[in-house]
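Chain naming here is simple, since letters A, B, ... match the order of the sequence lines and numbering starts at 1 in each. Every heavy atom of this structure was used, including side-chain atoms; hydrogens, water molecules and symmetry mates were not. Fair warning: this is a prediction, and the values are worked out from it, not measured in the lab.
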There are 2 protein chains.
Amino acid sequence: MSPPAVPDATLRASLGQVLFRAARLYNEAALRRVQAGAAPDLRFAHTQLFPHLTTSGTRSSALAKRLGVSKQAVGPLLDDLVAWALVERVVDPTDRRASIVRLTPRGGEAIVHGLVVLGEIEADLRRELGHGELDRLHATLLQLTELLARGDDRSG
Amino acid sequence: MSPPAVPDATLRASLGQVLFRAARLYNEAALRRVQAGAAPDLRFAHTQLFPHLTTSGTRSSALAKRLGVSKQAVGPLLDDLVAWALVERVVDPTDRRASIVRLTPRGGEAIVHGLVVLGEIEADLRRELGHGELDRLHATLLQLTELLARGDDRSG
DNA sequence: ACCAGTTCGTCAAGGAGCTTGACTTTGTCC
DNA sequence: GGACAAAGTCAAGCTCCTTGACGAACTGGT
């Protein structure tokens, strides 16, 4: 039993820590740029929704399921997006309980703008790290998420 | 003006999204393993603190600064760690306003245990992705955090 | 046609994890 | 000794999530 061997630097620079820090900084950078532009009230929680919005429409419960959160969590966020005229709620013609959340033309433009912002950040990093390095990072992270998600299923 | 060009897949698999998802899954995997062991009440916020704790002692305000949060945020977290006997608060002999937060022997063991858990996860990934790939991922992420942190300073 | 069970979305309450502001105590500098 | 800064706590509030309960509406069996 010799516990005092506490390797500070090891833990601080562990893959998990670095991964978390990178993700946080990346998101903050993206959000800062978008907030500086046309969407000052956009919060991080809203951005999580964007990849799943379509012009053809989605149910809010489906959005909740894809995000892995409760239905109650997405409600207020969608309210915000409706208030900003980025999406609209229309009654589902096949189910009167449900409403379908659909991107407005303005919402479509917002998504494109978001992609431009993300593209700018990625371009900055690409310039500094090099193309090969960034593409490899992207590919490795994709593999990693698949492996970790698989582990989730096993133990959940 | 042709907004309907909304590339779903592009946004969903963007570097930012993948990075965020990987970080979340990684942290969840680590926390799940630790909670299954000897620390069922450990929350994610606590783990953020560990890399900065030492046996020689640190001020809570210094911990707050390193984590990038307010002093008020770390207080209750340290209270928990004290309650679990992982750290102890001792009065700073050079400044009676301040208390110094110091790892107990048990806290040192907890850190070592945490490193073992992180090492296991990393070993699993290393087995699946290969040594070169994982080392390169680690190195690239380190570069990336440095670049993004630098950008923070500029605009903050 | 009816009733049971499920699902859609919302209201209400609460917890976690942060924030800012105000404050006491103590240290530092002139 | 007196102005100012810093350490840490208390209080209030915000964001983002949770579970529980609910009315309305759909589905399937009888």
Original post:
How does protein reach along nucleotides 14-24 of chain C, written 5' to 3' as B (base within reach of a heavy atom under 4.0 Å), S (only sugar-phosphate), or - (no contact)?
Top reply: --SSSBBB---
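Nearest heavy atom pair, residue A:Ala22 against residue B:Leu141, reads CB-CD2, 4.0 Å.
Electrostatic pairing of B:Asp80 and B:Arg43 counts as a salt bridge here, judged by a charged N lying under 4.0 Å from a carboxylate O. A:Asp124 has a carboxylate O that lies under 4.0 Å from a charged side-chain N of A:Arg33, or vice versa, which qualifies the two as a salt bridge.
Taking a heavy-atom distance under 4.0 Å as the criterion, the stretch of DNA chain D touched by chain A extends 5' to 3' from D:dT15 to D:dC26.
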**OP:** Might you work through the side chain to side chain contact (heavy atoms under 4.5 Å, CB included) test for B:Ile111 and B:Leu86, ending with a clear yes or no?
**Re:** CA-CA 9 Å; B:Ile111 295 248; B:Leu86 300 180; over 6 Å; no
**OP:** Determine, step by step, whether A:Arg66 and A:Thr58 satisfy the side chain to side chain contact (heavy atoms under 4.5 Å, CB included) criterion, reporting the C-alpha distance in whole Å, the side-chain angles of both residues, the deciding distance to 0.1 Å, and the verdict.
**Re:** CA-CA 11 Å; A:Arg66 286 200 216 164; A:Thr58 321; 3.9 Å; yes
Original post:
Can you list the steps and then say if B:Glu133 with B:Arg126 is a salt bridge (charged side-chain N to carboxylate O under 4.0 Å, His left out)?
Top reply: CA-CA 8 Å; B:Glu133 209 67 25; B:Arg126 199 174 283 276; over 6 Å; no
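Note on B:Phe44 and B:Val69: same hydrophobic cluster, where clusters join Ile, Leu, Val, Met, Phe, Trp and Tyr whose side-chain heavy atoms are under 4.5 Å apart, directly or indirectly.
When the side-chain hydrogen bond (donor to acceptor under 3.5 Å, both in side chains) test is applied to B:Arg96, no partner is found at least two apart in sequence or on another chain.
In this structure, B:Arg97 places its CZ atom 10 Å from P of C:dT26, rounding to the nearest Å.
Among pairs with a residue in residues 83-124 of chain B, those fulfilling ring-ring contact (aromatic ring centres under 6.0 Å, His included) read B:His46-B:Trp84, at least two apart in sequence or across chains.
Of the residues in residues 79-96 of chain A, those lying under 4.0 Å from DNA chain D by heavy-atom distance are A:Asp95, A:Arg96.
Other members of the cluster containing B:Ile100 are B:Val90, with ILVMFWY side chains joined at under 4.5 Å, either directly or via other members.
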